[in-house]
Amino acid sequence: MEKRDYFDEVYEVVRLVPKGRVTTYGTIARYLSLRAGARMVGWAMNGSHSQTDVPAHRVVNSVGVLTGKHFFGGPTIMQQLLEDEGIQVNNDRVVNFKTLFWDPALELGL
DNA sequence: AGAGTGACTGGCT
DNA sequence: GAGCCAGCCACTC
């Protein structure tokens, strides 16, 4: 398998997400200029289980919904991880998502 | 090679 | 905010 190419880049960006902040698949896709699109970012996260330092729980969709929670081995794992970082989650949706949103191209001073 | 699927997004209702 | 639809690319069978 060894898809590594853009997978690794996605992991790297996700790792840069500060604790208590979140970002979206589409944002990562655009930041890395992935033609593949946001869907592939999610697919890339599918391999994040091999990476221990990849906070995939900080990656949500465009409206702040924890779409990938089921892939954490449980429907509440992702939410608990976020709440543990001080992020409030209500009905699978990140509270103040717009405020907690972290844009790499913006925060990294690009 | 063709069809189905998915951790998405934007636009419209 | 929530639902439906179309576009998007990579992966699997």
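Between the P atom of B:dA7 and the CD1 atom of A:Ile28 lies a distance of 16 Å, rounded to the nearest Å. The distance from atom CG of A:Leu32 to atom P of B:dC8 is 17 Å, rounded to the nearest whole Å. C:dC9 atom C1' lies 17 Å from atom OH of A:Tyr25, rounded to whole Å. Across the protein-nucleic acid pair, A:Asn96 atom CG and C:dG1 atom C1' stand 16 Å apart, rounded to whole Å. Atom P of nucleotide B:dC8 and atom CG of A:Leu34 are separated by 15 Å, given to the nearest angstrom. Distance CG (A:Asn91) to C1' (C:dA2): 12 Å, rounded to an integer number of Å. C:dG1 atom P lies 14 Å from atom CG of A:Asp92, rounded to whole Å. Distance, A:Tyr6 OH to B:dC8 P: 14 Å, rounded to whole Å.
Crowding of A:Glu83 atom CD: a count of heavy atoms from other residues, nucleotides or ligands under 6.0 Å exceeding 12.
The CG atom of A:Asp103 sits 8.0 Å away from the OG1 atom of A:Thr24 when rounded to the nearest 0.5 Å. Atom CG of residue A:Leu100 and atom CG of residue A:Leu82 lie 9.5 Å apart, to the nearest 0.5 angstrom. Distance check: A:Met45 CE to A:Tyr11 OH gives 7.0 Å after rounding to the nearest 0.5 Å.
Among the atoms of the strands shown, only primed sugar atoms or phosphate atoms (P, OP1, OP2) are found under 4.0 Å from some heavy atom of A:Gly26.
Nearest-nucleotide mapping onto DNA chain C: of A:Trp43 and A:Arg39, the residue sitting toward the 5' end is A:Arg39.
Using modelled atom types, one side-chain atom of A:Asn61 and one backbone atom of A:Gly64 make a donor-acceptor pair closer than 3.5 Å.
Taking a pair as Watson-Crick or G-U wobble with both distances under 3.5 Å, the runs of three or more consecutive pairs in DNA chain C are B:2-6 with C:9-13, B:8-13 with C:2-7.
You'll find the side chain of A:Val22 reaches within 4.5 Å of the side chain of A:Phe97, heavy atoms only.
Across all non-hydrogen atoms, the minimal contact from A:Val54 to A:Ser48 is CG1-CB, 3.9 Å.
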- [ ] Any chance you could lay out the side-chain contact (heavy atoms from CB on, under 4.5 Å) test for A:Thr23 and A:Arg58, step after step, and finish with the verdict?
- [x] CA-CA 6 Å; A:Thr23 191; A:Arg58 292 181 190 151; 5.8 Å; no

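In the set C:dG1, B:dA7, B:dC8, the nucleotide with an atom closest to the side chain of A:Arg93 is C:dG1. The side chain of A:Met40 has C:dC9 as its nearest neighbour among B:dT9, C:dA2, C:dC9.
Between the side chains of A:Glu85 and A:His57, a donor-acceptor pair is found at a separation under 3.5 Å.
The stretch residues 52-86 of chain A touches DNA chain B through A:Ala56, A:Asn61, A:Ser62, A:Thr67, A:Gly68, A:Phe71, A:Phe72, each having a heavy atom within less than 4.0 Å of the strand.
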